[in-house]
Amino acid sequence: MKSPAFELAKASGELQMNLNRAPVLITDEGVAIGQSKAMERFLAKRFGLMGNSPTEEALVDCVSEHCRDVRDAAMRKGFSAFARGKTEEEKKVLREEWFLSDLPSMLGKIDEAVQLSGTHGFAVGSSLSLADVSIWSFLRDCPASDAEDVSKAAENCHALNAIAFTVASDPKVIKWLNERPVTMF
C-alpha cells in the first residue's frame, strides 16, 4: 500500500530518525524521536507515568517489557491473520493453545510479579504508571475478536484485573477513549 504522505515524509527527511519508517514523534523542541518504545517511555516520563524514583522507573520498564514479551510471544506463535505458511486449521489450533494454555500461564507470572512491585490496583508503587497502562491495553484495549478469550485467560489474575479496572476508571483515560481518533490501528 502506497501513501503519498508517507512518501513525502520519507523524501523530506522527516522519518530519518526512525530509519525512514513510521512512526516518528516530533517534540515541542522540534526533535524527531524514532522507535515506538522510545516514544512511549518519553511520553510516560513527560506525563509522570514512570514511577516516583529510579527504582520505580526500572520496575515500570520491567512490567511494561513483560507485557511486550507476551505480545511478542503471541506473534511468534503464528496464528494471526498476518502469519504465513500455515493453514487456517493450523492457525486455529495454535490460537486455541495460546488462549487456553500459553497466555494464562504468562499472565499468571506477571500477576505474581506485580503483587511484589505494586499495591492493589497498581503494578508499581501506588500511582498510575506506564506499566498499568500496558496491562490495561493488553487486557481491555485488545482487538474485539480477542476480547473474550483474553478475559478468560486472565480470569484468575486478580492483581492484573484490578490494575486494568483502575486504569479504565481513570477520568483522563475515559476522556481519551471518548475522544481518540479512529484509526486502522
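The chain is numbered in sequence order, starting from 1.
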Notebook entry, point to check: Sub-3.5 Å donor-acceptor pair from the side chain of Gln115 to the main-chain atoms of Asp111, do we have one?
Noted result: yes

Note to self: Quick one, Phe138 and Leu103 - any side-chain contact, counting heavy atoms below 4.5 Å?
What the structure shows: yes

Item checked: Any donor-acceptor pair under 3.5 Å from Asp61 side chain to Glu57 backbone -> no

Item checked: Under 3.5 Å donor-acceptor, Asn161 side chain and Ala154 backbone -> yes

Margin query: Other residues, nucleotides and ligands only: do more than 12 of their heavy atoms fall within 6.0 Å of CD on Gln16?
Written below: no

Item checked: Distance (rounded to the nearest 0.5 Å) between Asp170 CG and Lys175 NZ -> 12.0 Å

Notebook entry, point to check: Charged N to carboxylate O under 4.0 angstrom, Glu65 versus Lys37?
Noted result: no

Next item on the list: Using a 4.5 Å cut-off on heavy atoms from C-beta on, say whether the side chain of Ile163 contacts that of Trp136.
Entry: no

Next item on the list: Check whether any side-chain N or O of Thr119 sits under 3.5 Å from a backbone N or O of Phe122 as a donor-acceptor pair, and report yes or no.
Entry: no

Next item on the list: Decide whether Val70 and Val124 are clustered together by the hydrophobic rule: side chain heavy atoms of Ile, Leu, Val, Met, Phe, Trp, Tyr closer than 4.5 Å, transitively.
Entry: yes

Notebook entry, point to check: Going from CE on Met106 to OG on Ser101, what distance comes out if it is rounded to the nearest 0.5 angstrom?
Noted result: 11.0 Å

Item checked: Flag side-chain contact, heavy atom, 4.5 Å: Asp149 against Trp98 -> no

Item checked: Minimum-distance pair of heavy atoms, taken over all atoms of Asn52 and Glu56 -> N-OE1, 2.7 Å

Check: Taking the side chain as C-beta and beyond, is there a heavy-atom pair between Arg21 and Gln35 under 4.5 Å?
Finding: yes

Notebook entry, point to check: Which heavy atom of Leu130 sits nearest a heavy atom of Ser64, and at what distance?
Noted result: CG-OG, 3.6 Å

Check: Is there a path from Val167 to Val63 through hydrophobic residues (I, L, V, M, F, W, Y) whose side chains come within less than 4.5 Å of each other?
Finding: no

Note to self: Given 3.5 Å as the limit, does a donor-acceptor pair link the side chain of Ser137 with the main chain of Val133, or not?
What the structure shows: no

Check: So, Arg95 and Asp146, do they make that salt bridge, N to O below 4.0 Å?
Finding: yes

Notebook entry, point to check: Shared ILVMFWY cluster between Ile135 and Leu128, side chains joined below 4.5 angstrom?
Noted result: no

Check: What's the shortest heavy-atom distance between Ile110 and Cys67, and which atoms?
Finding: CD1-N, 4.4 Å

Notebook entry, point to check: Counting only heavy atoms not in Glu148, do more than 12 fall under 6.0 Å of its CD?
Noted result: no

Next item on the list: Report yes or no: does Asn178 contribute a side-chain atom to a donor-acceptor pair with the main-chain N or O of Ile174 at less than 3.5 Å?
Entry: yes

Notebook entry, point to check: Would you call Thr166 and Asp132 a side-chain contact if the rule is heavy atoms closer than 4.5 Å?
Noted result: no

Notebook entry, point to check: Between CG of Asn18 and NZ of Lys10, what distance do you get to the nearest 0.5 Å?
Noted result: 12.0 Å

Item checked: Lys/Arg N to Asp/Glu carboxylate O, Glu112 vs Lys109, below 4.0 Å -> no

Item checked: Backbone of Met75 reached by a side-chain donor or acceptor of Ser80 within 3.5 Å -> no

Next item on the list: Take atom CZ of Phe165 as the centre, draw a 6.0 Å sphere, and report whether it contains more than 12 heavy atoms from other residues, nucleotides or ligands.
Entry: no

Next item on the list: Could you pull out the closest heavy-atom pair between Val24 and Glu14, with the gap in Å?
Entry: CG1-O, 3.9 Å

Notebook entry, point to check: Between Arg46 and Asp28, is there a side-chain N and carboxylate O pair less than 4.0 Å apart?
Noted result: yes

Note to self: Looking only at the side chains, is there a donor atom on one of Glu89 and Thr87 sitting less than 3.5 Å from an acceptor on the other?
What the structure shows: no

Check: Do the charged groups of Arg180 and Asp141 touch, with an N to O distance under 4.0 Å?
Finding: yes

Check: With the 4.5 Å side-chain cut-off for hydrophobic clustering, are Met17 and Leu43 part of the same group?
Finding: no

Margin query: To the closest 0.5 Å, what do you measure between OG (Ser129) and CG (Leu59)?
Written below: 9.5 Å

Check: Same hydrophobic cluster for Trp176 and Leu49, using side-chain heavy-atom links shorter than 4.5 Å among ILVMFWY?
Finding: yes

Checklist line | Separation between CG of Leu94 and NZ of Lys86, rounded to the nearest 0.5 Å | finding: 6.0 Å

